Amino acid sequence: MNNALIQSLYRYLIYGIALLTALPFHECAHAWTANKLGDPTARINGRMTLNPLAHLDPFGALLMIFTGIGWAKPVPINARNFKHPKWEMAISSLAGPVSNLLLAYLSMILWKITTIVSYYHSGFFVQNLITIFATMVSINIGLAVFNFIPIPPLDGSRILSLFLPERTYFSIMRYERYAMLALMIAVYFGLLDGPLGFFRHLALNSINFLTGWIDLIWRLFL
């Protein structure tokens, strides 16, 4: 087995580990928020859990690992259980990408701490942790930014519904399947690399700034 193949398998393994935290965290956040707002549908269907098996779509997960484009099983939400369906659907949708940004923040903290540890003990285990946490930061930021795109069935489309007349929104939703296909084609051919890259870079810089207290503490003890 040559080095290039080993490196590829290692990269896919690390990517898979990151996805096994990012996707369940995202979907569980939808379920937990919907349940708190009055809709127990996702909880009843066993989706209010961090167990990856409850959320992963096998084909979508494989595509995510090998192409960077994929999906998890959608969390079932019944808007009729909400007192204010339009607002509470938007809040439930917002919970997914926000949870990924939170996980990216926590991963950045762990990445910085393990990087500091590596200056004093640079072993195989520590180096792998650094790689895993760095990948988790990247994956979670990527998922958050991608899901903010206001195209159905992504979370951004539910948030967009707050600013559109109901008739216009449901007219757009009728073309959900075609919109998602067009989006995947656009991402595959790199047509969205510019705007997505800009917002990923913005999110990364923001999280780096918000975890700057770790850098400050380290400098004080150098």
Side-chain angles (χ1 to χ4, degrees), residues 16-65 67-107 136 139-184 187 203:
I17 291 171
L19 283 174
L20 286 175
T21 56
L23 289 177
F25 206 75
H26 180 106
E27 300 302 330
C28 183
H30 286 314
W32 183 86
T33 305
N35 186 64
K36 285 292 183 181
L37 293 173
D39 175 35
T41 306
R43 176 175 57 80
I44 291 170
N45 282 273
R47 300 297 302 279
M48 203 169 77
T49 175
L50 292 175
N51 180 0
L53 297 178
H55 303 292
L56 293 185
D57 178 289
F59 185 61
L62 286 174
L63 279 179
M64 179 72 76
I65 291 172
T67 70
I69 306 170
W71 54 84
K73 290 191 293 187
V75 167
I77 295 178
N78 186 350
R80 286 177 292 185
N81 290 323
F82 294 140
K83 292 181 179 178
H84 310 286
K86 197 172 184 179
W87 278 96
E88 286 156 343
M89 275 295 293
I91 293 170
S92 298
S93 297
L94 182 64
V98 167
S99 73
N100 286 126
L101 291 176
L102 175 61
L103 193 53
Y105 176 79
L106 296 174
S107 300
M136 287 176 66
I139 291 291
N140 278 282
I141 287 176
L143 279 173
V145 169
F146 184 72
N147 274 281
F148 272 124
I149 297 176
I151 293 177
L154 298 180
D155 299 322
S157 67
R158 274 33 177 218
I159 299 167
L160 179 65
S161 70
L162 290 175
F163 309 99
L164 292 176
E166 200 165 286
R167 180 177 295 180
T168 303
Y169 175 71
F170 284 110
S171 295
I172 294 172
M173 288 299 293
R174 284 188 298 178
Y175 301 98
E176 178 177 326
R177 182 179 301 178
Y178 306 105
M180 190 59 183
L181 178 61
L183 178 63
M184 291 180 69
V187 171

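As the structure is a computational prediction, the values presented were derived from the model and not from experiment.
- Leu154 places none of its side-chain heavy atoms less than 4.5 Å from the side chain of Phe148.
- To the nearest 0.5 angstrom, Leu106 atom CG is 9.5 Å from Asn140 atom CG.
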Test log, rule side-chain contact (heavy atoms from CB on, under 4.5 Å), inputs Leu50 and Thr21: CA-CA 8 Å; Leu50 292 175; Thr21 56; over 6 Å; no
Could you list the donor-acceptor pairs under 3.5 angstrom formed by side chains in residues 54-63, with sequence neighbours left out?
unit_1: His55; atom_1: ND1; unit_2: Arg47; atom_2: NE; d: 3.1
unit_1: His55; atom_1: ND1; unit_2: Arg47; atom_2: NH2; d: 3.1
unit_1: His55; atom_1: NE2; unit_2: Arg47; atom_2: O; d: 3.4
unit_1: His55; atom_1: NE2; unit_2: Thr49; atom_2: O; d: 2.5
unit_1: Asp57; atom_1: OD1; unit_2: Phe59; atom_2: N; d: 3.2
unit_1: Asp57; atom_1: OD1; unit_2: Gly60; atom_2: N; d: 2.8
unit_1: Asp57; atom_1: OD1; unit_2: Trp71; atom_2: NE1; d: 3.4

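- Using modelled atom types, one side-chain atom of His26 and one backbone atom of Gly96 make a donor-acceptor pair closer than 3.5 Å.
- Scanning for side-chain hydrogen bond (donor to acceptor under 3.5 Å, both in side chains) contacts around Asn147 gives an empty result, with sequence neighbours left out.
- Side-chain atoms of Val75 and Ile77, non-hydrogen and from C-beta on, do get closer than 4.5 Å to each other.
- A donor-acceptor pair under 3.5 Å is formed between the side chain of Glu88 and the backbone N or O of Lys83.
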Pair His30-Asp155, side-chain contact (heavy atoms from CB on, under 4.5 Å): steps then yes or no: CA-CA 10 Å; His30 286 314; Asp155 299 322; 3.3 Å; yes
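- Taking both residues in full, the closest heavy atoms of Met89 and Phe82 are given as SD-CE1, 3.9 Å, listed atom of the first, atom of the second, then distance.
- Summarising the geometry, atom CD1 belonging to Ile91 is positioned 10.5 Å from atom CD1 belonging to Ile159; distances are rounded to the nearest 0.5 Å.
- One distance of note links CG of Asn45 with NZ of Lys73; it measures 9.5 Å at 0.5 Å rounding.
- Separation of atoms CG (Leu23) and SG (Cys28) is listed at 12.5 Å; rounding is to 0.5 Å.
- Between Leu183 and Phe146, the closest heavy-atom pair is CD2-CZ, 3.8 Å.
- Judged by distance alone, with hydrogens and angles left aside, the side-chain atoms of Asn35 form no donor-acceptor pair with the main-chain N or O of Ala31 at under 3.5 Å.
- Atom CH2 in Trp32 sits 16.0 Å away from atom CD in Glu27 (nearest 0.5 Å).
- For the pair Pro97 and Leu94, the tightest heavy-atom approach, listed with the atom from each and the gap, is CD-O, 3.4 Å.
- Looking only at side-chain heavy atoms (C-beta outward), Pro153 and Arg158 come within less than 4.5 Å of each other.
- When atom types are taken as modelled, the side chain of Asn100 and the backbone of Ala22 share a donor-acceptor pair closer than 3.5 angstrom.
- In plain terms, the two heavy atoms of Leu37 and Ser92 that are nearest each other are CD1-OG, 3.8 Å.
- The main-chain N or O of Asn81 is never found under 3.5 Å from a side-chain atom of Asp39 such that the two would form a donor-acceptor pair.
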